[in-house]
Amino acid sequence: MVIDIDGTPKGTQPPPAPASEGRTRRDVTRGLRAGALAAALAPLLAAFRAPRPTPGKAPGRASFDRTHRGRRIQGTRAADGHWHVTVDGRPLHLMRRADGTWLSMVDHYCSYPTPIDAARAAVDALAPGERLRDAGEEPRHEHRGGLHGVRA
């Protein structure tokens with residue numbers, strides 16, 4: 001008689017593997033820990049998500065009139081959801097980013113959660129005595145060509 005490596009005679013079937021009895025306590029404990037971790041992290045992850053209001057239905061008030069560092073900031077929301085903001089009566093252009101935050105033409109490197117916050121940052125960026133350019137006002141100097149010290 002020929003015997004295989006596993007000790008069974010050649011030509012016979014090896015004994016069947018013991019049937020799995022389902023989950024072990026270790027598997028159940030892992031599942032419960034994963035569920036508890038997910039339940040604990042869900043509110044934290046939801047807190048970091050930026051709100052996405054629909055156009056024209058943005059939360060908050062439809063206008064504001066505040067004084068910040070001695071400058072009067074006024075803003076009104078149009079029917080289409082865009083904001084018209086002025087600083088000391090001169091227009092401040094605001095842009096809405098894709099993530100729902102705002103930035104201004106004066107301080108366009110940072111974004112802010114609301115238009116009033118963006119306007120306050122613009123006021124902070126203006127030098128004392130400096131004013132925003134009026135809508136119809138020409139630039140202070142014109143570029144008429146020339147190299148202007150540029151070396152290539």
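The first residue of the sequence shown is numbered 1, and numbering continues consecutively from there. If you're wondering where the values come from, they're calculated on a predicted model, not measured in any experiment.
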| To the nearest 0.5 Å, what is the distance between CG (D65) and CZ (R72)? | 4.0 Å
| In terms of hydrophobic clusters joined by side-chain contacts under 4.5 Å, are V123 and W102 together? | yes
| request: Among Ile, Leu, Val, Met, Phe, Trp and Tyr joined by side-chain contacts under 4.5 Å, find the other residues sharing a cluster with L32 and list them by chain and number. | output: V28
| task | Would you give the length of the straight line joining atom CD1 of I73 to atom OG1 of T67, rounded to the nearest 0.5 angstrom? | result | 8.0 Å
| query | With a 4.5 Å limit on heavy-atom distance, are the side chains of R71 and L126 in contact? | reply | yes
| field | side chain to side chain donor-acceptor pair (under 3.5 Å) involving H84 - partner list, sequence neighbours excluded | value | none
| field | Spacing of CZ belonging to R96 relative to CG belonging to L103, to within rounding of 0.5 Å | value | 11.5 Å
| said: For T29, give me all partners under side-chain contact (heavy atoms from CB on, under 4.5 Å), at least two apart in sequence or on another chain. | reply: R33
| note | d(W83 CH2, S63 OG) to nearest 0.5 Å is 7.0 Å
Please table the atom pairs, donor to acceptor, closer than 3.5 Å between any side-chain atom in residues 111-122 and protein atoms at least two apart or in another chain.
residue: S111; atom: OG; partner: R97; partner atom: NH1; Å: 3.0
residue: Y112; atom: OH; partner: D107; partner atom: OD2; Å: 2.5
residue: T114; atom: OG1; partner: D117; partner atom: N; Å: 3.3
residue: T114; atom: OG1; partner: D117; partner atom: OD2; Å: 2.9
residue: D117; atom: OD1; partner: R120; partner atom: NH1; Å: 3.4

| task | Could you list the residues that satisfy salt bridge (Lys or Arg N to Asp or Glu O under 4.0 Å) with R25, not counting sequence neighbours? | result | none
| remark: Sorted by chain and residue number, the side chain to side chain donor-acceptor pair (under 3.5 Å) partners of H82 (sequence neighbours excluded) come out as D80
| request: Identify, with sequence neighbours excluded, every residue that meets side chain to side chain donor-acceptor pair (under 3.5 Å) alongside D88. | output: none
